[in-house]
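Letters A, B, ... mirror the listed sequences (proteins, then strands); counts begin at 1.
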Amino acid sequence: MPKRLTRSFFNRSVHEVAPDLIGVTLLFDGVGGRVVEVEAYHHTDPAAHSFRGPTDRNAVMFGPPGYAYVYRSYGIHWCVNFVCEAAGSASAVLIRAIEPTQGLPVMRRRRGLADVRLLCSGPGRLCEALRITDKQNGLALDRPPFELFARERAVEVVAGPRIGLTKAVDLPWRYGEKGSRFLSKPFRPPT
DNA sequence: TGCCCGATTAACT
DNA sequence: GTTAATCGGGCAA
């Protein structure tokens, strides 16, 4: 039986937590799968929502670690982050892609798609498949409806630049499972 | 109050 | 490769 992650998993540097999340199983109401792609954001990072200080929207990022920060992207999609480090450090990991393992029929229905590779391969896509919205903003990650299970086998993690940014575009703070078919975009192989 | 624009996605050419 | 969709946050005035 896989081991559940506790909230203390997140009470570390966001740059340790982010790669450690690859291979972790994330379920929401029993639906989800293995995390295969994430990005790290830190309050000193110009691309982070917390960079300019606390606001109504990013308040959860300034709270204690182990909670979900959900925001609206482009007025259309929802994206979910896991808050890390000590309260007030305002750092978080954006969950960008999941390899679906649990609840495939309901995810297909919500997404209106049959192709398993497109169900959760992107931050907006996975929130639609798991039905995560702003109603989940601020929820604890170690309590239902969230469930997190430690990885059961080793995974090979690769890093690269984050996606879709106009600031701090070169920081290599995107992490993913090497060779996964469920990434939102492939990682460029080292030259 | 007004204006610009984004941690995206899908549907184009 | 390019672009529309769509709207709240954040900042200037």
Side-chain angles (χ1 to χ4, degrees), chain A residues 10 13-15 17-22 24 26 28 32-33 35-63 65 67-85 89-100 107-139 141 157-177 180-188:
Chain A
F10 298 97
S13 161
V14 71
H15 299 299
V17 176
D20 283 357
L21 277 169
I22 304 302
V24 165
L26 162 65
F28 184 79
V35 175
V36 296
E37 180 185 342
V38 301
E39 286 176 355
Y41 289 88
H42 192 266
H43 72 286
T44 58
D45 164 14
H49 289 173
S50 54
F51 181 67
R52 295 171 189 282
T55 65
D56 286 346
R57 176 175 69 150
N58 65 23
V60 175
M61 281 189 80
F62 286 82
Y67 290 82
Y69 164 51
V70 182
Y71 72 93
R72 183 82 116 160
S73 177
Y74 287 85
I76 306 168
H77 310 287
W78 299 107
C79 298
V80 63
N81 294 250
F82 295 169
V83 177
C84 294
E85 302 191 17
S89 76
S91 59
V93 177
L94 171 68
I95 309 302
R96 285 196 57 91
I98 289 173
E99 175 183 335
M107 287 195 279
R108 285 193 167 102
R109 202 177 320 130
R110 291 168 179 172
R111 293 270 298 121
L113 281 175
D115 186 349
V116 66
R117 289 180 59 168
L118 295 176
L119 287 184
C120 300
S121 296
R125 291 167 173 174
L126 75 89
C127 281
E128 183 174 46
L130 273 58
R131 196 162 281 172
I132 293 173
T133 71
D134 62 333
K135 288 179 183 165
Q136 281 70 46
N137 189 37
L139 289 191
L141 298 170
V157 177
V158 293
R162 295 173 293 182
I163 293 178
L165 304 185
T166 59
K167 299 167 188 165
V169 295
D170 293 327
L171 295 177
W173 291 351
R174 175 182 179 231
Y175 302 93
E177 181 176 20
S180 171
R181 307 189 318 279
F182 298 93
L183 301 173
S184 66
K185 284 184 183 174
F187 281 80
R188 190 176 177 181

*Have a look at A/D45 and tell me which of A/R52, A/K167, A/R162 forms a salt bridge (Lys or Arg N to Asp or Glu O under 4.0 Å) with it.*
A/R162
*Quick one: CG on A/L183 to CZ on A/R117, what's the gap to the nearest 0.5 Å?*
9.5 Å
*Measure the spacing between CZ of A/R111 and SG of A/C120 and express it to the nearest 0.5 Å.*
7.5 Å
*asked:* By the definition side-chain contact (heavy atoms from CB on, under 4.5 Å), identify the one residue from A/N81, A/I163, A/L94 that meets it with A/P123.
replied: A/L94
Nearest-angstrom distance from the residue atom [atom1] of [X] to [atom2] of [N]:
X      : N      : atom1 : atom2 : answer
A/N81  : B/dG6  : CG    : C1'   : 14 Å
A/L119 : B/dT8  : CG    : P     : 19 Å
A/K167 : B/dG6  : NZ    : P     : 7 Å
A/K185 : C/dG1  : NZ    : P     : 10 Å
A/R52  : B/dA7  : CZ    : C1'   : 15 Å
A/D115 : B/dA10 : CG    : P     : 11 Å
A/D45  : B/dG6  : CG    : P     : 15 Å
A/R162 : B/dT8  : CZ    : P     : 11 Å

*Determine whether A/V38 and A/V17 make a side-chain contact, defined as any pair of heavy atoms from C-beta on separated by less than 4.5 Å.*
no
*Can you tell if the side chain of A/Y69 reaches within under 4.5 Å of the side chain of A/N137, non-hydrogen atoms only?*
yes
_Does A/L94 reach a base, just sugar-phosphate, or nothing at all? Heavy atoms under 4.0 Å._
base
*Between C/dT3 and B/dC5, how far is it from one C1' atom to the other, in whole Å?*
15 Å
*Report, as yes or no, whether the 6.0 Å neighbourhood of atom CG on A/D115 holds more than 12 heavy atoms from other residues, nucleotides or ligands.*
yes
_A quick test of your reading: do over 12 heavy atoms of other residues, nucleotides or ligands sit less than 6.0 Å from CZ of A/R110?_
yes
_Face-to-face stacking of A/Y41 with B/dA7, centres under 5.5 angstrom, angle under 30°_ = yes
_Walk me through whether A/L119 and A/R125 qualify under side chain to side chain contact (heavy atoms under 4.5 Å, CB included)._
CA-CA 6 Å; A/L119 287 184; A/R125 291 167 173 174; over 6 Å; no
_side chain to side chain contact (heavy atoms under 4.5 Å, CB included) between A/F82 and A/L26, intermediate numbers included_ = CA-CA 11 Å; A/F82 295 169; A/L26 162 65; 4.0 Å; yes
*asked:* Can you list every stem that DNA chain C is part of, counting only runs of 3 or more consecutive Watson-Crick or G-U wobble pairs with both distances under 3.5 Å?
replied: B:1-6 with C:7-12, B:8-12 with C:1-5
*Taking it one step at a time, do A/E39 and A/Y175 satisfy side chain to side chain contact (heavy atoms under 4.5 Å, CB included)?*
CA-CA 6 Å; A/E39 286 176 355; A/Y175 302 93; over 6 Å; no
*Does the side chain to side chain contact (heavy atoms under 4.5 Å, CB included) test come out yes or no for A/H42 and A/E85, once each step is laid out?*
CA-CA 10 Å; A/H42 192 266; A/E85 302 191 17; 3.6 Å; yes
*Please determine if a side-chain N or O atom of A/R111 lies less than 4.0 Å away from the OP1 or OP2 oxygen of B/dA10.*
yes
Under-3.5 Å N/O pairs linking protein and nucleotides 2-7 of chain C:
{"from": "C/dT6", "atom 1": "O2", "to": "A/Y74", "atom 2": "O", "distance (Å)": "2.6"}

*Which of residues 53-61 of chain A have a heavy atom under 4.0 Å from DNA chain C?*
A/T55, A/R57
